[in-house]
Peer 1: 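Once you've had a glance at the structure underneath, I'll fire off some questions.
The chains referred to below are lettered A, B, ... by the order of the sequence lines, with proteins before strands, and numbering in each begins at 1.
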Protein chains: 4
Amino acid sequence: MSPRRRDTEGTAAARAERRAELLATAAEVFAAKGYAATTVRQVADAAGILGGSLYYHFDSKESMVDEILSTFLNEMWAAYDRVLAAGLGARETVEAVIVESFRSIDRHRAAVVVYQNESRHLAAAGERFAYLLESDRRFEEMWMSLLERGVREGAFRPDLDLPLVYRFIRDTVWVAANWYRPGGRLAADDIAKQYLAMVLEGIQA
Amino acid sequence: MSPRRRDTEGTAAARAERRAELLATAAEVFAAKGYAATTVRQVADAAGILGGSLYYHFDSKESMVDEILSTFLNEMWAAYDRVLAAGLGARETVEAVIVESFRSIDRHRAAVVVYQNESRHLAAAGERFAYLLESDRRFEEMWMSLLERGVREGAFRPDLDLPLVYRFIRDTVWVAANWYRPGGRLAADDIAKQYLAMVLEGIQA
Amino acid sequence: MSPRRRDTEGTAAARAERRAELLATAAEVFAAKGYAATTVRQVADAAGILGGSLYYHFDSKESMVDEILSTFLNEMWAAYDRVLAAGLGARETVEAVIVESFRSIDRHRAAVVVYQNESRHLAAAGERFAYLLESDRRFEEMWMSLLERGVREGAFRPDLDLPLVYRFIRDTVWVAANWYRPGGRLAADDIAKQYLAMVLEGIQA
Amino acid sequence: MSPRRRDTEGTAAARAERRAELLATAAEVFAAKGYAATTVRQVADAAGILGGSLYYHFDSKESMVDEILSTFLNEMWAAYDRVLAAGLGARETVEAVIVESFRSIDRHRAAVVVYQNESRHLAAAGERFAYLLESDRRFEEMWMSLLERGVREGAFRPDLDLPLVYRFIRDTVWVAANWYRPGGRLAADDIAKQYLAMVLEGIQA
DNA sequence: TATGAATGAGTCTTCATTCAT
DNA sequence: TATGAATGAAGACTCATTCAT
């Protein structure tokens with residue numbers, strides 16, 4: 001490995017790191033104000049640079065959300081796929097998936113908020129965000145087959161309206177990103193445990 | 001009632017009706033595209049008039065959301081207050097509140113979506129939307145005291161993390177507006193029943 | 001004179017009166033806020049009718065100023081012409097013209113303010129207001145020949161820069177409309193007298 | 001002074017210079033067409049840039065007039081204050097103030113025209129322009145005490161209606177900006193001299 | 001005569017984006 | 001890498017004007 005090459009790698013790595021920093025900042029601002037209502041200048045201000053300077057790193061405002069969301073979704077699906085590949089029972093899988101979801105929120109809070117609030121509008125806007133719909137589809141597929149298997153395996157009550165249960169679980173999990181604060185009273189895993197207790201056993205005495 | 005007075009009432013009523021029509025249209029568009037991403041022209045197009053014409057009826061785009069949200073919240077609180085005044089037990093009150101919530105979604109689907117998606121940003125934007133925060137506060141107060149009473153009365157499990165339960169219930173209910181379609185497979189009351197079964201008894205067999 | 005004709009005249013007179021009323025109102029508002037900054041609606045509000053209703057009486061906002069200014073100028077020139085036709089000496093003519101000018105201000109305060117502030121812009125705007133330039137021209141002609149005659153007659157100092165004197169007199173007179181209030185401490189004729197004393201004899205002891 | 005600091009100063013100065021250029025252009029256009037009747041695009045056209053580009057330098061059309069007027073008034077009062085601090089007799093002070101006024105017109109012709117035509121409307125419009133009223137107040141105070149002192153010192157005739165004299169002088173001076181052209185037949189100081197001769201000694205032979 | 005709803009052109013302003021330095 | 005000046009399209013809003021009633 002020549003020094004030359006080392007340099008290049010160094011710069012490439014530095015550049016990637018800077019991008020990640022800027023994206024984290026952008027995600028926070030998008031989450032706080034909403035994507036459409038956020039100006040590129042606000043993102044730049046938050047990053048301590050000038051508006052135009054962002055365009056050295058990114059093609060457009062759109063490509064920023066794009067990268068924020070796809071990075072998050074890739075990581076999330078990687079985690080889900082590991083769980084699904086583990087060959088657990090339906091109930092254990094559900095628990096593991098929920099736990100992974102709250103961990104995702106823990107690591108990508110801002111991205112999750114953006115995902116929740118903007119994904120529908122973005123998907124409607126153009127081809128570029130088709131992967132959001134695809135992810136939705138996989139998500140529904142995963143949950144529906146999980147719930148159906150759970151009923152077959154006798155883990156879940158047979159009288160449930162499964163599509164309804166799916167919808168409630170889906171939304172409830174992600175919506176937690178709106179109030180969750182990393183380092184707060186409850187850690188992600190605690191929240192997952194409480195949430196599972198509630199969903200599985202109900203709140204009734 | 002003199003004919004004169006009838007006339008005046010007639011036009012005032014007609015005007016109010018027109019406003020309501022336009023607001024319903026606006027709510028649909030805001031719900032579909034997001035408030036910030038919606039142009040006044042899109043609202044006008046949907047209403048079949050020109051952009052400028054909206055300003056004969058409303059001061060600003062902002063005052064449209066304002067009226068959409070405050071109308072919805074007023075109706076919702078009126079329903080809640082009726083329930084709370086009925087002197088039911090904690091569990092029955094919770095059931096009734098949930099039922100009323102889904103009825104609200106049934107009647108004001110678009111407004112609820114707007115409320116869910118934009119309320120935080122709007123409240124942050126200015127004094128004018130302070131009532132949104134106030135409503136949030138009352139909502140939390142209502143739910144927390146309801147849950148606490150339920151635990152005291154032995155209706156709910158004593159080991160629950162109440163603030164957490166409150167958050168999940170709050171968000172889950174409203175989030176249903178995102179997929180609920182009036183006249184669809186399930187009526188509002190059916191959904192409420194299913195939802196209550198899930199929350200109260202859990203999905204576990 | 002048939003009753004029919006009497007009716008028609010009655011209505012015609014009533015209509016003319018209403019126009020005059022509305023024009024007086026319009027002149028006040030134009031004077032107070034500036035022509036360009038005044039909306040037709042503000043004029044209508046001041047008149048106690050709705051915006052669209054003004055168009056029953058007038059073709060356009062422009063035709064309102066037009067009528068306000070031309071009415072004022074016609075009256076003013078009628079008065080000037082009477083003075084000029086009287087065959088007085090230069091000094092007496094100057095005095096009489098000044099007196100008539102302040103009487104014009106007394107009767108048409110608002111119109112004078114509008115004339116002073118807007119006439120240049122209006123004249124530049126279009127053919128329709130060419131008579132404003134024509135009036136300016138006649139005004140200058142009148143004053144210059146008056147001043148020259150005064151110098152020849154030995155009434156005015158021979159060392160004056162006449163174009164300069166003309167300009168100062170012209171502006172000073174009309175500018176008084178900005179602060180003059182009919183029925184105030186000083187009547188129009190008093191102001192004229194004081195003004196003449198100042199211009200003719202100076203303020204020096 | 002480090003090169004670094006020099007750079008910073010250099011760009012700050014360049015920016016200030018650009019602002020000044022643009023404001024001078026804006027003042028000309030506002031003076032020519034009237035503030036309300038001037039579009040931002042007209043100002044931009046005159047400056048050779050696009051309408052939106054002005055907003056890189058200024059917050060709003062309003063802040064442009066604001067800066068035009070306050071800059072002019074500050075300079076004018078600085079000059080007046082120098083004169084007033086010189087401890088001259090009333091008559092000499094009056095002469096010096098008049099001379100400074102015509103010099104102000106010479107240097108800031110457009111700004112003076114804007115001041116004369118728009119100041120009242122702007123002051124009525126909002127808090128932001130309160131300084132215009134304050135300047136008016138100081139102006140009246142200065143002139144009235146100057147005139148009163150002149151009468152006491154025997155420099156001016158004792159039979160004058162001082163408030164009236166003040167009003168005529170005030171308006172006459174500024175109104176000259178409407179026809180004055182720098183580099184024309186008469187220089188500012190010549191005009192001041194002629195004007196003083198007229199006001200002090202009168203035009204009578 | 002007046003109303004009130006609507007029009008449509010035009011205004012101020014914002015903002016994503018570009019580009020020379 | 002970042003700056004800062006500018007672009008240009010688009011957006012919210014205004015307003016003179018029209019017209020059916």
Side-chain angles (χ1 to χ4, degrees), chain A residues 11 14-15 18-19 22 36-44 47-64, chain B residues 7-8 10-12 14-15 18-19 22 36-44 47-64, chain C residues 11 14-15 18-19 22 36-44 47-64, chain D residues 7-8 10-12 14-15 18-19 22 36-44 47-64:
Chain A
T11 356
R15 179 179 300 206
R18 186 76 176 111
R19 280 177 77 86
L22 292 170
T38 299
T39 71
V40 168
R41 220 194 141 219
Q42 285 168 338
V43 173
I49 59 179
L50 288 182
S53 307
L54 277 176
Y55 287 81
Y56 179 81
H57 301 279
F58 305 99
D59 284 346
S60 63
K61 185 187 176 188
E62 206 183 55
S63 70
M64 290 187 228
Chain B
D7 266 26
T8 308
T11 51
R15 182 182 294 216
R18 186 75 174 111
R19 280 176 76 87
L22 293 170
T38 299
T39 72
V40 167
R41 208 183 156 235
Q42 285 167 338
V43 173
I49 58 178
L50 290 181
S53 304
L54 277 176
Y55 289 83
Y56 179 77
H57 301 278
F58 304 99
D59 284 345
S60 63
K61 185 185 173 189
E62 204 184 58
S63 70
M64 290 186 225
Chain C
T11 358
R15 182 179 297 205
R18 186 77 177 111
R19 279 177 78 86
L22 293 170
T38 298
T39 71
V40 168
R41 220 192 141 220
Q42 286 168 338
V43 173
I49 60 179
L50 287 183
S53 306
L54 277 176
Y55 287 82
Y56 179 80
H57 301 278
F58 305 99
D59 285 347
S60 63
K61 185 187 177 189
E62 207 184 54
S63 71
M64 292 186 226
Chain D
D7 266 25
T8 307
T11 51
R15 181 182 293 215
R18 186 75 176 111
R19 280 176 77 86
L22 293 171
T38 299
T39 72
V40 168
R41 207 183 155 234
Q42 286 167 338
V43 173
I49 58 179
L50 289 181
S53 305
L54 277 175
Y55 288 82
Y56 180 76
H57 301 278
F58 304 100
D59 284 345
S60 63
K61 185 185 173 189
E62 203 183 60
S63 71
M64 290 186 226

Peer 1: Nearest 0.5 Å, what's the OG1-CE distance between Thr38(C) and Met64(C)?
Peer 2: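 CE of Met64(C) is found 10.5 Å from OG1 of Thr38(C).
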Peer 1: DNA chain E: Leu22(C) or Glu62(D), which has the more 5' nearest nucleotide?
Peer 2: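 Of the two residues, Leu22(C) wins.
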Peer 1: Counting only side-chain N and O atoms of Tyr55(C), is one of them less than 4.0 Å from OP1 or OP2 of dT17(F)?
Peer 2: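 Answer is yes, contact under 4.0 Å.
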Peer 1: Taking only N and O in the side chain of Tyr56(B), is any of them less than 4.0 Å away from OP1 or OP2 of dA6(E)?
Peer 2: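 Answer no for this pair, as no side-chain N or O of Tyr56(B) is under 4.0 Å from OP1 or OP2.
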Peer 1: Would you say a side-chain N or O of Arg41(D) is under 4.0 Å from OP1 or OP2 of dT11(E)?
Peer 2: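 Answer no for this pair, as no side-chain N or O of Arg41(D) is under 4.0 Å from OP1 or OP2.
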Peer 1: Check every strand shown and say whether Ile49(D) touches a base, only sugar-phosphate, or nothing at a heavy-atom separation below 4.0 Å.
Peer 2: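 Sugar-phosphate, backbone atoms only, no base.
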Peer 1: Under 3.5 Å for both donor-acceptor distances, Watson-Crick or wobble: does dA20(E) have a partner, and if so which one?
Peer 2: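 Paired with dT3(F).
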Peer 1: Does Gly51(A) or Ser60(B) map to a spot on DNA chain F nearer the 5' end, using the closest nucleotide for each?
Peer 2: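 Closer to the 5' end of DNA chain F: Gly51(A).
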Peer 1: Starting at atom CG of Leu50(D), determine the distance to atom P of dT18(E), rounded to an integer number of angstrom.
Peer 2: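 My rounded result for the distance is 16 Å.
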Peer 1: Please name the nucleotide paired to dT14(F) by Watson-Crick or G-U wobble geometry with both distances under 3.5 Å, or report none.
Peer 2: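 Result: dA9(E).
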Peer 1: Rounded to the nearest angstrom, tell me the gap between atom CZ in Arg19(D) and atom P in dA5(F).
Peer 2: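 That distance rounds to 11 Å.
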Peer 1: Within this structure, what is the CG-to-P distance between Asp59(C) and dC19(F), rounded to whole angstrom?
Peer 2: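 From Asp59(C) CG to dC19(F) P: 13 Å.
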Peer 1: What distance do Arg19(D) atom CZ and Tyr56(D) atom OH have between them, rounded to the nearest 0.5 Å?
Peer 2: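 Arg19(D) atom CZ to Tyr56(D) atom OH measures 11.0 Å (nearest 0.5 Å).
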Peer 1: Just to be sure I understand the rule, does Ser63(B) reach a base, reach only the sugar-phosphate, or reach nothing, if contact means heavy atoms closer than 4.0 Å?
Peer 2: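 Counting heavy atoms under 4.0 Å across all strands, no contact is made by Ser63(B).
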Peer 1: Side-chain N or O of Arg18(D) versus OP1/OP2 of dG4(F): is the shortest distance under 4.0 Å?
Peer 2: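 Checking dG4(F) against Arg18(D), no side-chain N or O comes under 4.0 Å of OP1 or OP2.
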Peer 1: Would you compute the distance between atom CG of Leu50(B) and atom CZ of Arg41(B) and round it to the nearest 0.5 angstrom?
Peer 2: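 Output value for this atom pair is 8.0 Å.
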Peer 1: Would you tell me if any nitrogen or oxygen in the side chain of His57(B) comes within less than 4.0 Å of OP1 or OP2 on dA6(E)?
Peer 2: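 Answer is yes, contact under 4.0 Å.
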Peer 1: Separation of Leu54(A) atom CG from dT1(F) atom C1', in whole Å?
Peer 2: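 Rounded to the whole Å, the gap is 12 Å.
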Peer 1: At 4.0 Å (heavy atoms only), tell me whether Ser53(B) reaches a base, stays on the sugar-phosphate, or touches nothing.
Peer 2: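 Touches a base.
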Peer 1: Name the pairing partner of dC15(E), where a pair is Watson-Crick or G-U wobble with both distances under 3.5 Å, or state none.
Peer 2: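 With both distances under 3.5 Å, dC15(E) matches dG8(F).
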Peer 1: For a quick test of reading the model, state the closest non-hydrogen atom pair linking Ser63(A) to Phe58(A) and the distance between them.
Peer 2: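 Of all heavy-atom pairs spanning Ser63(A) and Phe58(A), the closest is OG-CB, 3.9 Å.
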Peer 1: Enter the distance from Lys61(B):NZ to Thr39(B):OG1 here, rounded to the nearest 0.5 Å.
Peer 2: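 These two atoms lie 7.5 Å from each other.
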Peer 1: Using the side-chain heavy atoms of Lys61(B), tell me which of these nucleotides is nearest: dC12(E), dC13(F), dT3(F).
Peer 2: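 The closest nucleotide is dC13(F).
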